Amino acid sequence: MAAPSAPRPPRPRKEPQPLVIPRSAAEEQRLRLERLMRNPTYVFFAAGSSAGAGSGEFHVYRHLRRREYQRQDFMDAMAEKQRLDEEFQKKLERNKMIAEEQTAKRRRKRQKLKEKKLQAKKNKLEQKKQEKEPDQSQERGSSEDDEEDSKEEEEKEDDAEEPSFVMGRG
């Protein structure tokens, strides 16, 4: 068993310090310096007793430098990607506008052609009616033949609407 040892002397009490919250980096630095100067024999962080960094500091520096270069490369790559995305979106929008303009132009052309055909058909029917009016007094039996002829003409007109690029036609 261990022999009872002498009681320890009580530790000296520290002075109560007022709580100071630093408002800036300079004030924080000043407070740390004051705290160090109160007990100048003890240094909290020293890299080494000789001037300059110790042998282990190089590896820390190299690691920090590598991480910083990686961060910069990543930021550059993201900026380049964003720039390319914006250019692509602009190009897409421009192509869309051009396609819409061409589609509208072709639509107008088709509509105009359709109206022209419809007008020609109406004019043709009116001419036939005007020609039939004097003929109605002569014969009633020939009207059936005229109807068949008009049906054949309509079919021919429908055939004319087929595209010209089909092989073997027109």
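All figures in this text were calculated on a predicted structure; none of them were measured in a lab.
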>> Checking Arg71 now: which residues fulfil salt bridge (Lys or Arg N to Asp or Glu O under 4.0 Å) with it, not counting sequence neighbours?
In response: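 If we apply the salt bridge (Lys or Arg N to Asp or Glu O under 4.0 Å) test to Arg71, skipping adjacent residues, the hits are Glu68.
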Atom [atom1] in [X], atom [atom2] in [Y]: separation rounded to 0.5 Å?
{"X": "Asp85", "Y": "Lys90", "atom1": "CG", "atom2": "NZ", "result": "12.0 Å"}
{"X": "Lys132", "Y": "Leu125", "atom1": "NZ", "atom2": "CG", "result": "9.0 Å"}
{"X": "Arg66", "Y": "Arg62", "atom1": "CZ", "atom2": "CZ", "result": "8.5 Å"}
{"X": "Gln72", "Y": "Met75", "atom1": "CD", "atom2": "CE", "result": "7.5 Å"}
{"X": "Asp76", "Y": "Tyr69", "atom1": "CG", "atom2": "OH", "result": "12.5 Å"}
{"X": "Thr103", "Y": "Ile98", "atom1": "OG1", "atom2": "CD1", "result": "11.5 Å"}

>> Test salt bridge (charged side-chain N to carboxylate O under 4.0 Å, His left out) on Arg30 and Glu34; report intermediate values, then the result.
In response: CA-CA 6 Å; Arg30 184 182 55 79; Glu34 286 175 3; 2.8 Å; yes
> Can you pull the salt bridge (Lys or Arg N to Asp or Glu O under 4.0 Å) pairs that have at least one residue in residues 17-29, sequence neighbours excluded?
Replying inline: Glu28-Arg32
> So do the side chains of His59 and His63 get within less than 4.5 Å of each other, counting heavy atoms only?
Replying inline: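 The answer is no; the side chains never approach within 4.5 Å.
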> For atom CZ of Arg83, is the number of surrounding heavy atoms from other residues, nucleotides or ligands below 6.0 Å larger than 12?
Replying inline: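 For Arg83, atom CZ is crowded (more than 12 foreign heavy atoms under 6.0 Å).
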> Who else is in the cluster with Leu64 when I, L, V, M, F, W and Y are joined by side-chain contacts under 4.5 Å?
Replying inline: Val60
